[in-house]
Amino acid sequence: MATQALLTIRNLTVRFATAAGEFTAVKGLDLHVDPREVLAIVGESGSGKSVSMLAVMGLLPNTATITADEMSFDGRDLLTLSTAERRKLIGREITMIFQEPIASLNPSFTVGFQIEEVLRLHLGLDRRAARARALELFEAVGIPDPARKLDAYPHQMSGGQCQRVMIAIAIATNPRLLIADEPTTALDVTIQKQILDLLMELQEKHDMGLILITHDMGVVAETADRVVVKYKGRKMEE
């Protein structure tokens with residue numbers, strides 16, 4: 001009996017309205033990800049890798065027009081979900097590690113507050129349990145002096161540490177699908193391996209699907225089950 005795909009996308013097109021006219025960033029994309037599978041999406045900058053996944057997350061601006069024959073997660077139609085239904089799904093069952101960690105974190109709140117907010121909202125933990133879980137996650141992703149760093153603001157941490165905070169937030173709810181957009185770019189080689197090992201361990205433990213957007217072909221060779229190559233918005237090879 002065939003396993004149902006976690007994520008299925010058929011004929012996804014994303015267009016942006018600009019002052020110079022309409023620009024098509026993603027053109028007729030088809031892809032799927034199964035439980036426990038690592039799918040790498042590679043291609044040059046501007047090929048539509050991140051835009052495709054931001055469309056799945058519902059995080060594109062109002063200038064974007066998204067059309068698809070199908071965009072479903074575990075049998076649920078992402079195109080017809082209400083705002084309330086999408087909020088329950090995104091951040092709980094589907095999470096994303098963003099490419100620019102410092103820009104993705106709120107500068108007005110400590111990093112500890114930001115991860116604890118996710119845990120309270122999606123897992124219903126009380127403040128004490130959320131704090132304890134946040135500390136565990138910071139230790140898991142290799143943040144030095146994690147108890148003290150929970151009370152730090154993003155500007156008080158290095159780019160690599162902010163990247164690790166974003167990874168901790170993304171894996172906090174043990175998601176079924178994790179989209180990782182250049183997750184190890186700001187990290188040194190030793191930490192890169194630790195983070196990739198952690199992602200692979202979580203993927204195996206929780207039957208998690210993993211979409212890895214990267215330029216690092218070494219990472220692809222070590223981790224990916226399948227590779228999608230994009231160019232100018234289109235899928236060229238798989």
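Residues: numbered from 1 along the sequence shown.
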For [X], give me all partners under salt bridge (Lys or Arg N to Asp or Glu O under 4.0 Å), at least two apart in sequence or on another chain.
X	answer
D207	R36
R15	E22
D225	none
E85	none

Verify salt bridge (charged side-chain N to carboxylate O under 4.0 Å, His left out) between E93 and R76, making sure each step is shown before the conclusion. CA-CA 12 Å; E93 295 189 56; R76 284 169 281 183; 3.1 Å; yes

Partner set under ring pair (Phe, Tyr, Trp, His ring centres under 6.0 Å) for F109, not counting sequence neighbours: F113

For [X], all residues meeting side chain to side chain donor-acceptor pair (under 3.5 Å), sequence neighbours excluded:
X	result
Q114	none
Q99	none
R87	none
D69	N11

With sequence neighbours excluded, tell me which residues meet side chain to side chain contact (heavy atoms under 4.5 Å, CB included) with A25. F16, F23, V51

Determine, for R120 against E117, whether the closest basic-nitrogen to carboxylate-oxygen distance falls under 4.0 angstrom. no

Charged N to carboxylate O below 4.0 Å: is that the case for D74 and R176? yes

Which residue pairs pass the side chain to side chain donor-acceptor pair (under 3.5 Å) test with at least one member in residues 121-130, sequence neighbours excluded? none

Does anything in residues 50-59 form a side chain to side chain donor-acceptor pair (under 3.5 Å)? List the pairs, not counting sequence neighbours. S50-D181, S52-K230

